[in-house]
Asker: 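To start, I am sharing the structure in question, which I have written as structure tokens.
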Amino acid sequence: MPEKELSDGTPDRCGLVIFGASGDLTRRKLLPALYNLFLDGLLPPAFGIVGFARSAFSREEFRVLARGAVDEFSRRRPADPQRWPEFEQMLHYQQGGYGDAESFRRLREVQTNLDRVHAGAGNWVYYLATPPSAYREIGQGLEQSGLACSRMDAKPWSRLVVEKPIGHDLSSARALNDALSAGCEESQTFRIDHYLGKETVQNILVLRFGNGIFEPLWNHHHIDHVQITVAETDGAGSRGGYYEEAGALRDMVQNHLFQLLCLVAMEPPHNLGADAIRDEKLQALESIRPIRPEELDRQVVRGQYAAGLVDGQPVKAYREEEKVARESVTETFVAMKVYLDNWRWSGVPFYLRTGKRLARRTAEIAIQFRKLPPILFNRNPARPLDPNVLSIRLQPNEGVSLQIGSKRPGPRAEVSTVKLDFGYHSVFPAGTPEAYERLLLDVMLGDATLFMRRDEVEAAWSFVTPILEGWTHSTPDDFPNYVAGSAGPARADELLVVDGRRWGRL
Ligand code: BG6
């Protein structure tokens, strides 16, 4: 993954069709990302973007929507009036129903026309920015109109991009993957996990395998445990309908947190190719010890937020959010302890936690090293030394720090805890591209490294599905069990306290 820099190449001439072009994802992420790629000169020549959705927009109205999206959400905003007209020229719109053959026939005409006018070479990316319930119809529509994926190495090529959720449990994920593979080869299917597009997430492998000092210590001989935290201050907001069906385990753990775990835990790949990296991630996922039903309550904690204060502002309880059931038992918080049964990680617990409406927005991985023998500076049991902790801050305040002990100036041999700290923003003030910029570019380049392969998705579901099933047999009787703006339910602390450990502060 890190070998491939943005400057490695300009994509082939191609175009992009976005299904779900009037939706939130298109507005918040895709259009702003495309605009920034355009400003950076990274789009292929003669690029064309065709929005496809049910909404009855004219081409002009779609352009207005795009301008609004860029003004509101782009990394560089508002839209530059000098450059906007050139970008706007790339935008086209086709209204249509996903199950309507006629709409797909018209889409084909638009594409053929664009191929001719812009010499687009006939290569197309199809981005499914719709709910997964529309995937099947879109797949059929593409196939029947002759737009379906041709082989990855065929010329012209086509590629399919799908967003999570890929299923809601193992069997639905398999069914969805089967449906996707009916029209497209695996190598043409790009499953997005936007965490993999984040610079700081890609840096995990550079940190581990681009430095000599960490890897020799990166195992059960030296590491006491690992904590992975992705905490949000936002609540379910306007996504209550989706979230009710998903919950934090499906929404965050099955994908983002497990992908982070893989990058921390995997063995070195034999090269930086997409499959070499994904093979090693898969091995890591497959080595996670399944949680037995009788251990579920001891190893996994779920929570739901009550009303409270976030950043000094009162916020409502999850059960009071729009489109959320008053008696909802959907979890907005999960903490769990997992073990990887492999040579490197034997006996090392990985503690994962994520939740909405927590005290602080942060995504961080903390690698805590083993304690020293109590012989020298920590001889006095009343004054233990703090452990060494390597913290990888993914967002915000991106960076890496190492907690070490240092002599406090003075006549006595006293040790203070200090930090060696690298902050992205002070070293790289130009800032970093948004995840979707990198991911869209990689699809156009045909590089699948930062996308989830089918077997990875299914391995993650294999672990998560029994937990979901276990939960259906025991309704939580303490929901809501944490106050918005807190660090989560008390039981999440106990998960570590019983092991003689504690979470890093939120
Ligand atoms: C999404 C989840 O995948 O990730 C959201 O569906 C969550 O619920 C979001 O808020 C978090 O992403 P980020 O990049 O803001 O950390």
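Just so you know, ligand 1 is whichever comes first in the structure, and atom 1 is the first atom listed for that ligand. Basis for what follows: all heavy atoms, side chains included, without hydrogens, waters or symmetry-related copies. Starting from 1, each residue takes its place in the sequence as its number.
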Asker: Check for a donor-acceptor pair, side chain of Arg159 on one end and backbone N or O of Met444 on the other, with a separation under 3.5 Å.
Answerer: yes
Asker: Any salt bridge between Glu456 and Arg191, counting N to O under 4.0 Å?
Answerer: no
Asker: Is Arg361 salt-bridged to Glu232, cutoff N-O under 4.0 Å?
Answerer: no
Asker: When you compare the side chain of Leu495 with that of Arg501, does any pair of heavy atoms fall below 4.5 Å?
Answerer: no
Asker: In the protein, what heavy atom is nearest to atom 5 (C) of ligand 1, and what distance, to one decimal place, separates them?
Answerer: Arg239 NH1, 3.4 Å
Asker: Could you find the nearest protein heavy atom to atom 11 (C) of ligand 1 and give me its residue, atom name and distance?
Answerer: Glu232 OE1, 3.8 Å
Asker: What protein heavy atom sits nearest atom 6 (O) of ligand 1, and how far away is it?
Answerer: Asp251 OD1, 2.6 Å
Asker: For a quick test of reading the model, state the closest non-hydrogen atom pair linking Arg319 to Gln304 and the distance between them.
Answerer: NE-OE1, 3.0 Å
Asker: Run the numbers for me: atoms of ligand 1, each under 4.0 Å from some heavy atom of His256, listed by number.
Answerer: 1 (C), 3 (O), 4 (O)
Asker: For atom 12 (O) of ligand 1, what is the closest protein heavy atom, and at what distance to 0.1 Å?
Answerer: His194 NE2, 3.1 Å
Asker: Using side-chain heavy atoms (C-beta onward) and a distance below 4.5 Å, is Phe19 in contact with Tyr127?
Answerer: no
Asker: Could you tell me the residue and atom name of the protein heavy atom closest to atom 16 (O) of ligand 1, and the distance to it rounded to 0.1 Å?
Answerer: Tyr195 OH, 2.5 Å
Asker: Taking heavy atoms and a distance under 4.0 Å, where does Tyr243 meet ligand 1: side chain, backbone, both or neither?
Answerer: neither
Asker: List ligand 1 atoms under 4.0 Å from Lys164, heavy atoms only on the residue side.
Answerer: 1 (C), 2 (C), 3 (O), 6 (O)
Asker: For ligand 1, which atoms have a heavy atom of Lys356 less than 4.0 angstrom away?
Answerer: 5 (C), 7 (C), 8 (O), 10 (O)
Asker: Taking the six-membered ring for Trp and the full ring for Phe, Tyr or His, determine whether the centres of His225 and Tyr351 are under 6.0 Å apart.
Answerer: yes
Asker: Just by modelled atom types, is the Ala492 backbone N or O under 3.5 Å from a matching donor or acceptor in the Trp503 side chain?
Answerer: yes
Asker: Should one rank Met252, Glu163, Lys198 by closest heavy-atom distance to atom 14 (O) of ligand 1, which comes out on top?
Answerer: Lys198
Asker: In the protein, what heavy atom is nearest to atom 15 (O) of ligand 1, and what distance, to one decimal place, separates them?
Answerer: Arg361 NH2, 3.8 Å
